[in-house]
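Please read all numbers here as calculations on a predicted model, not as lab measurements. By convention in this document, chain letters (A, B, ...) are assigned in the order of the sequence lines, proteins followed by strands, and residues within each chain are numbered from 1.
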Amino acid sequence: MRPRKYDIITIGAGHAGCEAALAAARMGCKVLLLALNVDQLAHMPCNPSIGGIGKGQLVREIDALGGEMGRTIDETSIQIKTLNSSKGPAVQALRAQADKRRYSSTMKKNILKERNINLRQGEVVSLKKQGPGEFRISTADGADFNSRCVIVATGTFLRGEMVIGKIRRAGGRAGELPSNFVSAGLSELGLELGRFQSATPPRVWAGSVDYSRMIRQPGDTGLAFSFESAKRSSRGQKDCYLTYTNRQTHKVIGDNLHLSPIKSGSVSAKGPRYCPSIDRKVINFPDRDRHPVFVEPEGRKNQELYLQGLTTSMPVYLQEMIIRTVPGLENARITRPGYAVSYDYLLPYQLSNTLECLPVPGLFSAGQINGTSGYEEAAAQGLMAGINAALKCQGKAPFILDRSQAYIGVLIDDLVTKEIDEPYRMFTSRAEHRLVLRSDNADLRLTPLSYELGLASEARLRRVEKKQADIAKCLNKLHKAKINLADLEVHSPADGKLGTICGAGELLKRPEIKIEQLAGIVGLAKMSREARYQAEIEIKYQGYIKRQNEQIAAEQRLEEVPLPDLDYSRIDALSTEARQKLGRIRPSSLGQASRLSGVSPADISVLMVFLKRNGARL
Amino acid sequence: MRYSAGSASANRPIFPETRKIGKSCEVLVIGAGVAGVHAAFSAASAKAQVMLMTSSWDRAAALGWGPRFENGQGAGRTRLEAEKQGTPGALLRRSVFYEGPTGPALVDTYQFQTLWRDSMERKPNISIFQDTCEEIEPIAAGWLVKTGWGVTIKAKTVVLAVGTFLRGRVICGAGTEAGGRPGEAGAQTLDASLAQIGVELRERTRQAGPVIDGKSIGWKQLKVMPGRAEERPPFICLGNERDPAHCLESVDKHRNHYFLRKITDNTPRTLNGEAALHDIAGLENAVIVKPGFKVTSLCVPKELVRDRDLSYVEERTLFFAGQVIAAASYAQSAHEGLVAGKAAATVSRET
């Protein structure tokens, strides 16, 4: 029986796998989506939420590019709010609590709607490359499949092992068996793997929690992740609650650190710095007398609560003792214990900025397997890997986003350029151009590109073009209009320079003036709220945006200098460290080379001289 | 491990009774499949303190053997009658998406699971705990159970509703793995404890057919279930005259995926699982979504279990329900769960 043939096989149907399969299918490829459990697609094994600082920006970009995460969370969220609302637009982010079960079943519905996707349950036991453009995959039940490209999106399942205290059990997640054969397949193909660790907190029964001792954290109305959502968040959202650990909590942990797998060394893999367990927080911050604990429901009707901030893999009885020191949780009943999981990951320096494995053309890798943490980071990679695998199958040029275009660009560039020695999580501080990479303008930046790829309809493109036109109109009106300050009950500055009549644009530059105050007077009432808001930002941050754009242009010049496949060991004037790093990472441009740690500006100059001498145009 | 209350603010004991390791309950139900959730329901309704343990709460009440709920097969209690809200019958009725005129009901597993999980989570006298049961030992006041993550639980009575997970071995095409269903780990050490108590265990094999992608089925060649001929694709479909020995059942109302009943997929390594299907009318181009499988696991012979209350003949405080005593249908598992749970609650009061 000949194996069934596909354009692309995606191994793993988590957040990365689902986005990859959907994107490739929508671009016209025949996709096989292999899952260990077809009833648990896009599962959320940890935090029941989507978005947050840095992550929210990723979700908006995924949506602007035609990915699924934004729409799915809008349909299934139980609460949504803006973080950092008192700070500037560059660091504001949306965050939504999800109904986990509905999120998973909604994503499954979307997968089943795509005629180009075959969903299949099976564990991959063999992954081989037969020749250029031909991969062969076998599952444990004896089925074989061939494809031109493969996307590996196996999350935390590769030789996954869970730990609580001194007890270790095989598993990619609680209640699920690991995947034990894919790592060998990847190693045989010449790829280097490392070992990482992640952990999740215990869940408690809602009926055993005393909310009166906690601070209520309600959601905001009128918000949505997707640019296409008609539905906005309304009242009737579920609340989260905030409480804190205290000295007693820290004493229990401190007295029992020798039982913590992190301290006792039974988990030797590196864990996520930005998602530390409470054990690690107590070790690293001995002076803090309290740490926040966010109590989050896992669904609209679920009676299980997620305890964000109490991640631990101490023995279960200790977990209970720790929890019961926290106000409101004195009688809390654990339904699922917290645990740590260690797993193999693929060192991402081996990937190109299309997420294709440099030593194995046609093999792509996306998600937590690349050493990231978070559903959003995974989904962003899945989308890009799916798009690029499809383009490769169709013989078209790859799709690359650089650091000045999107957070997704920052994410991928960081992964393939930096040494990732702990799980990578996105933050706004990672993006040097965050003033132009805002949540609110992701559609303007990316939907036109998505249209070129075939992932956004013409109607959607027109909507974005209309928004751009509206913004231009708003700006035009604001620059032309003059406002009598007396009408607005605004005071002129003390030195009276502005007088009582002022240009609307000038006035808007003042931090205390909001565009909604001027909208009626200037004739902007008919424009959409988004367009007005964009115009407001353009004006308020004009100087900063201009400077950032100049910086981007300067950097662009270096990005555009491609680095051919050089033998760096022959370039004597390079420092030893630079030679090693360049040889290992093999950057594709001078810009990427400049970002490698260990490569100094002097080394870049050396490279520029070398390239010029060897005929490159600079 | 004792917590030493030496800090300045230790005037009151911080953890009174929880200083000891472990938990206790009156009825411990092991396994949250169809039998397990029904047992927890009836035990809780009889006002006992129940603990419901399962290796995966996300898989609780999963209908892992197809969408068909048989009526009446020794299970009159859970037939599709109009019942009071919140009762097992009512939860079942709300999950049914198709009811044949003479025949079985098809149940949506996602809906069924959601309703049962919500129901279990809301009962104040049911404690849910996700873990496996590794050892069970008789003690003076009942049983001492040790879990995979090292928690000890004292229970006055125990209902074992572990289904096909007792030293289960799943054979799926060419692959064999330990577990109760494909991809789901089982209780691999519990049988040793049962043997020590003297419970005789026997091997039993069950099989389930594959789930097939509806788009790949040649509907024209198949005979639709009488009475609902206007639906395309149908919810249930019998084979034609050439192959009457199989039927296809939609797994949910969307009719994307179909469970193939009575044919198992257990083909040798050299063949793709679909090859075995290609001789069947309508399935020449069938694409498999979930391969069929066989599971061999240990079960307790029916003669060792009292009919009246499903307790073990040698022990009044140990009960069995569901596939672990070779129940043949969901309805039977459900009925046994209800009986065992109620009996366990009653017995736990006596001690």
**Complete:** Of His257(B), His254(B), Lys215(B), Glu184(B), the largest count of non-hydrogen pairs under 4.5 angstrom with chain A goes to Lys215(B)
**Message:** Looking only at the side chains, is there a donor atom on one of Asn116(A) and Lys30(A) sitting less than 3.5 Å from an acceptor on the other?
**Reply:** yes
**Request:** Name the option with the most non-hydrogen atom pairs under 4.5 Å to chain B; the candidates are Glu176(A), Met162(A), Glu123(A).
**Result:** Met162(A)
**Asked** Between Arg115(A) and chain B, which part of the residue has a heavy atom less than 4.5 Å away: side chain, backbone, both or neither?
**Response** both
**Message:** Please verify the inter-ring angle class for Phe41(B) with Trp116(B); under 30° counts as parallel, over 60° as perpendicular, anything in between as tilted.
**Reply:** perpendicular
**Heavy-atom proximity to chain B below 4.5 Å, by part of Gln40(A)** = side chain
**Asked** Strictly by modelled atom types, are His250(A) and Thr245(A) linked by a side-chain donor-acceptor pair under 3.5 Å?
**Response** yes
**Prompt:** Which region of Ser105(A), side chain (C-beta onward) or backbone (N, CA, C, O), has a non-hydrogen atom less than 4.5 Å from a non-hydrogen atom of chain B, or is it both or neither?
**Reply:** side chain
**Asked** Between Gly148(B), Pro182(B), Ser56(B), which residue shows the highest count of heavy-atom pairs closer than 4.5 Å to chain A?
**Response** Gly148(B)
**Request:** Go through the side-chain N and O atoms of Thr106(A) and Thr72(A) and say whether any donor and acceptor fall under 3.5 Å apart.
**Result:** no
**Prompt:** Is it the case that Asp213(B) and Ser216(B) place a side-chain donor and acceptor less than 3.5 Å from each other?
**Reply:** no
**Message:** We want to know whether Asn302(A) and Arg101(A) form a side-chain donor-acceptor pair, criterion being a heavy-atom distance below 3.5 angstrom.
**Reply:** yes
**Item:** Check: Tyr258(B) ring centroid to Trp219(B) ring centroid under 6.0 Å
**Value:** yes
**Asked** Is a side-chain donor-acceptor pair under 3.5 Å present for Glu121(B) with Trp57(B)?
**Response** yes
**Request:** Measure Ala178(B) against the heavy atoms of chain A and call it side chain, backbone, both or neither at under 4.5 Å.
**Result:** backbone
**Request:** Give the minimum heavy-atom separation between Phe157(A) and Gly172(A), together with the two atoms involved.
**Result:** CD2-CA, 3.8 Å
**Asked** Is it the side chain or the backbone of Arg102(A) that comes within 4.5 Å of chain B heavy atoms, both, or neither?
**Response** both
**Prompt:** For Glu304(A), which of Arg336(A), Arg333(A), Arg203(A) qualifies under salt bridge (charged side-chain N to carboxylate O under 4.0 Å, His left out)?
**Reply:** Arg336(A)
**Request:** Against chain B, label Leu36(A) side chain, backbone, both or neither, depending on which of its atoms sit under 4.5 Å from a heavy atom there.
**Result:** neither
**Contacts of residues 126-135 of chain B with chain A (heavy atom under 4.5 Å)** = Ile126(B), Ser127(B), Ile128(B), Phe129(B), Gln130(B), Asp131(B), Thr132(B), Glu134(B)
